[in-house]
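To start, the structure under review is shown below, and the notes come after it.
The residues of the chain are indexed from 1 along the displayed sequence.
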Amino acid sequence: MAKYDTKFKYEVVKRCLKGGRSARAAGKEFGIDHATVHRWVQRYRHHGLNGLNKKREYYSAEFKLSVLKRMKQEGLSYQEVEAMFNLRGVSTVSRWERLYHEHGLDGLKPKPRGRPKMMKPKISPNPLKTKVEDTRTRQDLLDEIEYLRAEVDYLKKRKALIQAEKAAAQKQRD
């Protein structure tokens, strides 16, 4: 839940604009930081009552970059840019600027939210065979099966012969 509802914010802004009070005086009267009051007034001037509503929005990397470019071109402060684009958070633009300087455009891309998944996705044992379509005919497949069975039989016989030779050699030693 928001710390201050829209109705309360509007009352404070009304006192500043219509009552002729400064942000500092209104802040003192309501027990709020004067910078917060000043930010509310700026948002109200730019966007009306909608500027005071709670807002959850996700911004694309391109939008963030355009905001930073405009701020640089026009020499605007963080607070002016946040009010102009109706952004929430005191340090939103400064965070974007820091991320852009540290990581470039990749730093501005939205990150996945929430906890990461605990289970890793199953990876097929042979990804090449699962992706490639098998275009062999039925007869080709049957021939391959026959060949593989013969190979298995051969290996079993060879293993049995090797074991028999080892057993005979063991008997001769004893």
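The closest side-chain heavy-atom distance from L17 to R45 is below 4.5 Å. Between L87 and W96, some side-chain heavy-atom pair lies under the 4.5 Å cut-off. Taking 4.5 Å as the limit, every side-chain heavy atom of V12 sits out of range of all side-chain heavy atoms of T36. No side-chain heavy atom of V67 sits less than 4.5 Å from a side-chain heavy atom of M71.
Rounding to the nearest 0.5 angstrom, the gap separating the CD1 atom in I32 from the CZ atom in R24 is 14.0 Å. Interatomic distance, L99 CG to L68 CG, rounded to the nearest 0.5 Å: 9.5 Å.
Pairs passing the ring pair (Phe, Tyr, Trp, His ring centres under 6.0 Å) check and including a residue from residues 20-39, sequence neighbours excluded, read F8-F30. The stretch residues 144-166 participates, sequence neighbours left out, in these side chain to side chain donor-acceptor pair (under 3.5 Å) pairs: R136-E144. Applying the side chain to side chain donor-acceptor pair (under 3.5 Å) test to residues at least two apart or on different chains, the pairs with a partner in residues 97-110 are Y78-E97, D106-K109. Sorted by first and then second residue, the pairs that involve residues 69-79 and meet salt bridge (charged side-chain N to carboxylate O under 4.0 Å, His left out), not counting sequence neighbours, are R70-E74.
Q139 meets the side-chain contact (heavy atoms from CB on, under 4.5 Å) test with T137, L142, D143; sequence neighbours excluded. Remark: S66 pairs with F63 by the side-chain contact (heavy atoms from CB on, under 4.5 Å) rule, at least two apart or across chains. Listed by chain and residue number, Y10 satisfy the ring-ring contact (aromatic ring centres under 6.0 Å, His included) test with Y44 (two or more places apart in sequence, or in another chain). With sequence neighbours left out, the side-chain contact (heavy atoms from CB on, under 4.5 Å) criterion links Q172 to no other residue. Listed by chain and residue number, E11 satisfy the side-chain hydrogen bond (donor to acceptor under 3.5 Å, both in side chains) test with K14 (two or more places apart in sequence, or in another chain). Every residue was checked against the side-chain contact (heavy atoms from CB on, under 4.5 Å) condition with R115, not counting sequence neighbours, and none meets it. Scored by the side-chain hydrogen bond (donor to acceptor under 3.5 Å, both in side chains) test, E62 finds no partners at all (sequence neighbours excluded).
No donor-acceptor pair under 3.5 Å is formed between the side chain of Q79 and the backbone N or O of R39.
Smallest separation of non-hydrogen atoms from C16 and A23: SG-CA, 4.1 Å. When all heavy atoms of V41 and V13 are compared, the closest pair comes out as N-CG2, 4.0 Å. The shortest heavy-atom contact between Y59 and K64 is O-CE, 3.4 Å. Taking both residues in full, the closest heavy atoms of G27 and V37 are given as CA-CG2, 3.8 Å, listed atom of the first, atom of the second, then distance.
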Determine whether E80 and Q42 satisfy the following criterion, side-chain contact (heavy atoms from CB on, under 4.5 Å), listing intermediate values before the conclusion. CA-CA 8 Å; E80 290 171 327; Q42 281 185 322; 4.2 Å; yes

